[in-house]
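All heavy atoms count here, side chains included; hydrogens, waters and symmetry mates do not. In listed order, ligands and their atoms are each counted from 1.
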Amino acid sequence: MDTLSNFIANQDAPAIGGGRLEVFEPATGAAYATIPDSDERDVARAVEAAKAAFPGWSQTPAADRARVLNAIADLIEQRVEAFAEAESRDQGKPVSLARSLEIPRAAANLRFFAGAILHERGEFYRSDDRALNYVLRQPRGVAGCISPWNLPLYLFTWKIAPALATGNTVVAKPSEVTPFTAWMFGQLCREAKLPMGVLNIVHGTGPKVGAAIVAHPDVPAISFTGGTATGAAIAAVAAPMFKKLSLELGGKNATIVCEDADLEKAIPMIVRSAFQNQGEICLCGSRIVVHRALLKEFTERFVNEARSLKTGDPTATDTDVGAIVSRQHLEKIQSYVALAKIEGGKVVCGGGAPHLIAQRCRGGWFHEPTVIVGLSPTCRTATEEIFGPVVTIHGVDDHGEAIQIANCTKYGLACSIWGRDIERMHRMAAKIDAGVIWLNTWMMRDLRTPFGGMKQSGVGREGGDEALRFFTEAKNVCVGW
Ligand code: NDP
């Protein structure tokens, strides 16, 4: 059983209170590691370390900060296999997905922001012949970074990289459900000679560690990714303290299939958008809205493709859908399938646990890709975030109705539209309330673009300049002449 530690001032530290929490492997249901059950005392210690490191790190030349971030990225790339195996064991995702996409993306996050600070441009404004204004962007101090369990290292580094690159120091908390690669990351930071206290990682539960970071008076900026209810709880504490807040929250994203969609090309991508990472990606398309001209053909082909996905041992190379992250989350998914039936839905694919499962995975948490038809687009199953391998399909008569359905949830994170009339698709994109809209693609991310949600999917944007701005304070200096 691995015994993980907090990473504070480059030292491995147990929780001051001495408690430990078990970490489970979703594919087997067995505990395989423990983490410190930290509390506000551990957070206070981490904040002290981060505060002490701030003057030095914030004054470190950008080229030197970039060099350290690139050195950490080098180490991740040298150990992709070890990180991918750890991520898969910890989260339940197919190891192939972690190896090909998520771990490389974690390294890319570090490289992207290491590069960005070397290409910074200033802002100047001449006030006729009276004055010259320039904008100073300075790091905020200690940033609190709180990340979820679905894409553990990918989202952990997506926050930490811009915070560190811009000269802040960080107190970070990974999800207690998936702490392993964050712990490995701390070890690499020491090896890459990140100065002491610049990054501090405190393990434990959200209500104890996460809440203590949010409430700490010396943490002026909070970058959080997670559920909408948690985001609201964080905002309630942080807003009266006038903290800078970035909230990336839940989603219930529509996939719109127009009558002229090229199904041959679209269906494999739409299946991926529905079930990748067991549907545990905030950007997954879980409500598929199809023009009635194509509804019958689309549903048949989509269901056939969903049935052909292999659900099982995440370590097997041919596994498409791995294990669900926790027993509690599996039960939530099951409860929505039961609700769908009460709401009048018909399960046309999946609906429960897979029949054939490797011997070692008999105690694990699995759910087949599940497709439900016959539901009203406004019912709970079709509008609440399930965050699992469950999608609903809805027929529409025209594009106006498709837009209306896409917009009829409290969320506004992402949407994908599939068709050939690109002019009409641009018009539809402009009318959809979502922060990310893909036309004939899905999950295509350019790290320079703004990323985030409308409505209850979030506050603020990450990515590119948005992240650099979030982690810096802008000052206008006006020089009269
Ligand atoms: P949670 O909101 O439960 O948790 C997210 C993080 O916040 C975890 O580290 C958690 O700790 C911590 N946390 C929990 N309670 C508190 C609190 N009171 N104060 C501070 N921190 C707290 O989300 P999940 O981990 O369940 O992640 C799934 C959610 O994340 C989904 O809703 C999904 O849509 C969303 N998400 C959004 C993305 C986006 O970019 N918009 C991207 C990915 C996911 P612990 O787990 O240890 O309890």
Pairing of E473 and R140 as salt bridge, 4.0 angstrom limit | yes
is_close_aromatic(W158, F112), centroid dist under 6.0 Å = no
Answer yes or no: does an N/O atom from F451 fall short of 3.5 Å to an N/O atom of ligand 1?
-> no
If you have a sec, work out which protein heavy atom is nearest atom 13 (N) of ligand 1 and how many Å separate them, to one decimal?
-> G206 CA, 3.3 Å
Heavy-atom nearest option to atom 45 (P) of ligand 1, drawn from K208, E176, H203 | E176
For ligand 1, which atoms sit closer than 4.0 Å to a heavy atom of G204?
-> 47 (O)
Please check if a non-hydrogen protein atom sits closer than 4.0 Å to atom 4 (O) of ligand 1.
-> no
Identify, by atom number and element, the atoms of ligand 1 in contact range of L413, meaning under 4.0 Å from any of its heavy atoms.
-> 41 (N)
Applied to residues 211-238, the ring pair (Phe, Tyr, Trp, His ring centres under 6.0 Å) test, sequence neighbours excluded, yields none
Report yes if T230 has an N/O atom closer than 3.5 Å to an N/O atom of ligand 1; otherwise report no.
-> yes
State plainly whether the residues R79 and E191 are in salt-bridge range, i.e. N to O under 4.0 Å.
-> yes
To which protein heavy atom is atom 28 (C) of ligand 1 closest, and what is the distance rounded to 0.1 Å?
-> F387 CE2, 3.6 Å
Any salt bridge between K208 and D42, counting N to O under 4.0 Å?
-> no
What do you reckon, does F224 have a nitrogen or oxygen under 3.5 Å from a nitrogen or oxygen of ligand 1?
-> no
Taking atom 38 (C) of ligand 1 as the reference point, the nearest protein heavy atom with its distance = C282 SG, 3.0 Å
Is the backbone of G250 close enough, under 3.5 Å, to the side chain of S457 for a donor and an acceptor to pair up by distance?
-> yes
Against heavy atoms of I234, which atoms of ligand 1 measure under 4.0 Å?
-> 19 (N), 20 (C)
Residue selection (non-hydrogen contact nearest atom 19 (N) of ligand 1) among A211, S175, S457 | A211
Show which atoms of ligand 1 fall inside a sub-4.0 Å distance from at least one heavy-atom site of G210.
-> 19 (N), 20 (C), 21 (N)
Examine ligand 1 and decide if any of its atoms is less than 4.0 Å from a heavy atom belonging to L155.
-> yes
Below 4.0 angstrom from a heavy atom of N150, which ligand 1 atoms are there? Numbered from 1 as shown, please.
-> 43 (C), 44 (C)
What protein heavy atom sits nearest atom 41 (N) of ligand 1, and how far away is it?
-> L249 O, 2.7 Å
Answer yes when R89 and D2 have at least one side-chain N-carboxylate O distance shorter than 4.0 Å, and no when they do not.
-> yes
Hey, mind stepping through S416 and W418 against side-chain hydrogen bond (donor to acceptor under 3.5 Å, both in side chains) and telling me if it holds?
-> CA-CA 7 Å; S416 70; W418 302 83; 2.9 Å; yes
Check the pair N253 / R287 against side-chain hydrogen bond (donor to acceptor under 3.5 Å, both in side chains), numbers first and verdict last.
-> CA-CA 6 Å; N253 312 303; R287 42 206 326 263; over 6 Å; no
Relative to the heavy atoms of T225, which atoms of ligand 1 are at a distance of less than 4.0 Å?
-> 5 (C), 36 (N), 37 (C), 38 (C), 39 (C), 40 (O), 42 (C), 43 (C), 44 (C)
Aromatic ring proximity, centroids under 6.0 angstrom, W365 and H329 | no
Lys/Arg N to Asp/Glu carboxylate O, E40 vs R45, below 4.0 Å | no
Location of contacts on E385 toward ligand 1, heavy atoms closer than 4.0 Å | side chain
Counting each atom of ligand 1 from 1 as listed, which ones have a heavy atom of G227 under 4.0 Å away?
-> 1 (P), 2 (O), 23 (O), 29 (C), 30 (O), 32 (O)
Basic-acidic side-chain contact under 4.0 Å: E81, R99 | yes
Output yes when the distance from some N or O of ligand 1 to some N or O of K173 is under 3.5 Å, and no in every other case.
-> yes
Nearest protein heavy-atom contact for atom 26 (O) of ligand 1: which residue, which atom, what distance?
-> W149 NE1, 2.8 Å
Taking heavy atoms and a distance under 4.0 Å, where does P148 meet ligand 1: side chain, backbone, both or neither?
-> both
Given the rule in the side-chain hydrogen bond (donor to acceptor under 3.5 Å, both in side chains) test, do S5 and D12 qualify, once you have shown the distances and angles that lead to the verdict?
-> CA-CA 5 Å; S5 313; D12 296 327; 4.7 Å; no
Salt-bridge present (E462, K159; N to O < 4.0 Å) | yes
Only heavy atoms count here, so choose which of A236, S147, G226 is nearest to atom 6 (C) of ligand 1.
-> S147
